Number of protein chains: 2
Amino acid sequence: MRKRATAKQVAEAAGVSKWTVIRAFTPGASITEESKRRVLESAARLNYTPNLLARSLATKSTGQIAVFVDDFANPQKLPFLETLTEQLQAVGRVAMLININNHFDHVHALLHADQRQVDAIILFGTAFRDETLTDRQLGNGTPPMFVLARDSQIDGVPAVVCDAELALRDIVDHLYSRGYRRPGFMSGAPALSTALRRREYFSKFWSEKGITHVEQLSAQKYSLQAGALGIRNYLSDTSGKERIDVLMCENDILALGAMDEMRGRFDLRIPEDIAVVGFDNYELGGSSAYSLTTYEQPLREMVSIIIRMIKGEVDPETVTLPGELVVRSST
Amino acid sequence: MRKRATAKQVAEAAGVSKWTVIRAFTPGASITEESKRRVLESAARLNYTPNLLARSLATKSTGQIAVFVDDFANPQKLPFLETLTEQLQAVGRVAMLININNHFDHVHALLHADQRQVDAIILFGTAFRDETLTDRQLGNGTPPMFVLARDSQIDGVPAVVCDAELALRDIVDHLYSRGYRRPGFMSGAPALSTALRRREYFSKFWSEKGITHVEQLSAQKYSLQAGALGIRNYLSDTSGKERIDVLMCENDILALGAMDEMRGRFDLRIPEDIAVVGFDNYELGGSSAYSLTTYEQPLREMVSIIIRMIKGEVDPETVTLPGELVVRSST
DNA sequence: TTGTAAGCGTTATCAC
DNA sequence: GTGATAACGCTTACAA
């Protein structure tokens, strides 16, 4: 059975009251050097550390931030999680990682996080439906929510995203200057595709260049297989001369899956037969096997801003940040 | 300001005592249907849900499991985290994701987790040094620890791992039967390499087949770049005829990095010039670009067992589980 | 079946 | 600067 020392025990050992013990552990509290020394000494001897649980109950702030994730197939989640945990911990917070896939429906997860008194909820999902969160059955007490790396369609819930308009303008400019004229766009989950707005801007900027038709491919979800299937369906149905000359995929994973399929099953050369563009700058896309042109999100800044919103240092408003085009030999 | 209804308020609204309210929310408590109905009704109206924080303080059990991660470069962490969170949540627990990289040294993280009264700690790291955790400065009250997916060198801390002996026997048998006779092994972080024991068994089984020399390559850490660098150093220093004919990498990421380098910079064919084997069965390794022979860990079972240990349903003892060889065209 | 008293380990606030 | 009182919201006895 676990047994931890409490402030009370330390107090007795040090010959002071438990409130003095608390003061010794409260930066800037008014306490004499002498008392503090004695308290810390006894504390060390008894192996005492404050119980954050009890503190949270009293202060009504847990320092715990729930992070909702629903798409573990995208390896790009990992660097985000790394940065997120790192920056949260740097300001004394900690991440509660909550899987909102399948069985764990969102409302339930929300309820659970709420019951655990988290200070905030970061929606770092991909395919979740905003509608399920819109009504927020939890009444007025719900912890503040923030959406990371996709648009928010929920009223009063701000998002921190990479600026899709800037990104797609850069991408289309690049492709146009490379001479491509028959663009295609492969989207993943329908719900997210609208939220990311990548497809929308892709079409818009092509049409500004006089190219009004963008071939639409759909992968239904975000995975290698889905990307492969998406391009396979298209290529099987379309003869060589009618094919697109460049394919933009909604993220790198789709792009990698599509590239494999194009080369492995259809013997196409990239970029000679079809060029490919992704989004995210996932590490493996940069390998010589793929050398995928892509767009990098300003991960650290995005995370940093969302944390400052949580801390209340920045007004909770949707923020879009510029990313960076990464040109490689797939275009 | 947040305001949640408390059991007391619900009690007043329902015209009962707060303990009756508790009972209505405690499965199997003795309470009349009538009381329960009235309580739940008031609770619903007031939007009441139990405060898990207060409960934890009273019960001395938080249902929170700290997961220590120090290697976010390996995408294989993601499916593990997915399974872990899924299974934890299925039994009413939740994962606290703790980054123990760089600045966040392990002892500090341990202390922090302990102060938050987590029920258990899962060490799901790669390169952490066991020594720093061995003494466990926290005294006797430390939450139980478990190591996931690598060996434990800490006294009294059990590990749940994929059986390296079985795995390497299968792998070496396979390579031998394919006719390879000049094996090389690329290891990553020195600390982990010994913990994984893959190198050790690789050499052992080759030597049982009469091949006593295994070329040792080192990548220092686990990443694409490290894998690429490791093989580059070796190939630059070794002329064609003296080269190994098969390279086993400690995990898939190293293998993918090495393959890129072998093909991109040295124009080698895989497997004709050098065959490659990885470990983990990371999804991308199965793509046609790599088609990497590898070994799959029994992820779900590993997670399941560690959770049962946490719940106390299984004795906390180190467990090794068999995985499965996945043969593809890289060998 | 239900109500009461005591306790979990802190913090906030006010006297001294 | 220090000690005391009350409170945070729940659970676990135990008594009615």
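From a predicted model like this one, the values you see are computed outputs, not experimental measurements.
- Considering every non-hydrogen atom in both B/L46 and B/A5, the closest pair reads O-CB, 3.6 Å.
- With rounding to the nearest 0.5 Å, the separation of CD1 in A/I310 from CZ in A/R93 is 8.0 Å.
- The side chain to side chain donor-acceptor pair (under 3.5 Å) pairs that include a residue from residues 307-317 of chain B are B/K311-B/E313, where partners are two or more places apart or lie in different chains.
- Contacts of A/E34 classified as salt bridge (Lys or Arg N to Asp or Glu O under 4.0 Å), with partners at least two apart in sequence or in another chain: A/R37.
- In this structure, A/F80 and A/F124 have tilted ring planes: the angle between them lies in the 30° to 60° band.
- Scanning DNA chain C 5' to 3' for nucleotides with an atom closer than 4.0 angstrom to a non-hydrogen atom of chain B gives a first and last hit of C/dT1 to C/dG9.
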Short heteroatom pairs, N/O only, protein and nucleotides 7-10 of chain D, under 3.5 Å:
unit_1	atom_1	unit_2	atom_2	d
D/dC8	O3'	A/K60	NZ	3.3
D/dG9	OP1	A/K60	NZ	3.0
D/dC10	OP1	B/Y48	OH	2.8
D/dC10	OP1	B/N51	N	3.1
D/dC10	OP2	B/A7	N	2.7
D/dC10	N4	B/K18	NZ	3.0

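- Qualifying ring pair (Phe, Tyr, Trp, His ring centres under 6.0 Å) partners for A/F72, counting only residues two or more places apart in sequence or in other chains: none.
- Counting all heavy atoms, side chain and backbone alike, A/V94 lies closest to A/L88 at C-CD1, 4.5 Å.
- Only B/S30, B/I31, B/T32, B/S35, listed by number, bring a heavy atom of residues 27-38 of chain B to less than 4.0 angstrom from any atom of DNA chain C.
- Partners of A/R45 by side chain to side chain donor-acceptor pair (under 3.5 Å), not counting sequence neighbours: none found.
- A search for side-chain contact (heavy atoms from CB on, under 4.5 Å) contacts involving B/D163 returns B/E165, B/L166, B/T320, not counting sequence neighbours.
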Pair B/T49-B/R4, side chain to side chain contact (heavy atoms under 4.5 Å, CB included): steps then yes or no: CA-CA 8 Å; B/T49 52; B/R4 323 176 88 256; 3.3 Å; yes
Verdict with supporting geometry, B/T6 and B/N51, side chain to side chain contact (heavy atoms under 4.5 Å, CB included): CA-CA 8 Å; B/T6 72; B/N51 180 332; over 6 Å; no
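- Contact between the side-chain N/O atoms of A/T20 and the OP1/OP2 oxygens of D/dG3 is found at a separation under 4.0 Å.
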Give me the distances for all protein-to-nucleotides 14-16 of chain D N/O pairs that come in under 3.5 Å?
none

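- Overall, the helix from C/dT1-D/dA16 to C/dC16-D/dG1 carries an axis bend of 40° between its ends, with five pairs at each end and the value rounded to 10°.
- Judged as a ring pair (Phe, Tyr, Trp, His ring centres under 6.0 Å), and not counting sequence neighbours, A/F146 has no contacts.
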Candidate pair A/I100 and A/I98, rule side chain to side chain contact (heavy atoms under 4.5 Å, CB included), full reasoning: CA-CA 6 Å; A/I100 55 170; A/I98 298 193; 4.2 Å; yes
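- Nearest heavy-atom pair across B/R116 and B/Q64 is O-NE2, 4.1 Å.
- Looking at residues two or more places apart in sequence or on another chain, you find no side chain to side chain donor-acceptor pair (under 3.5 Å) involving B/S223.
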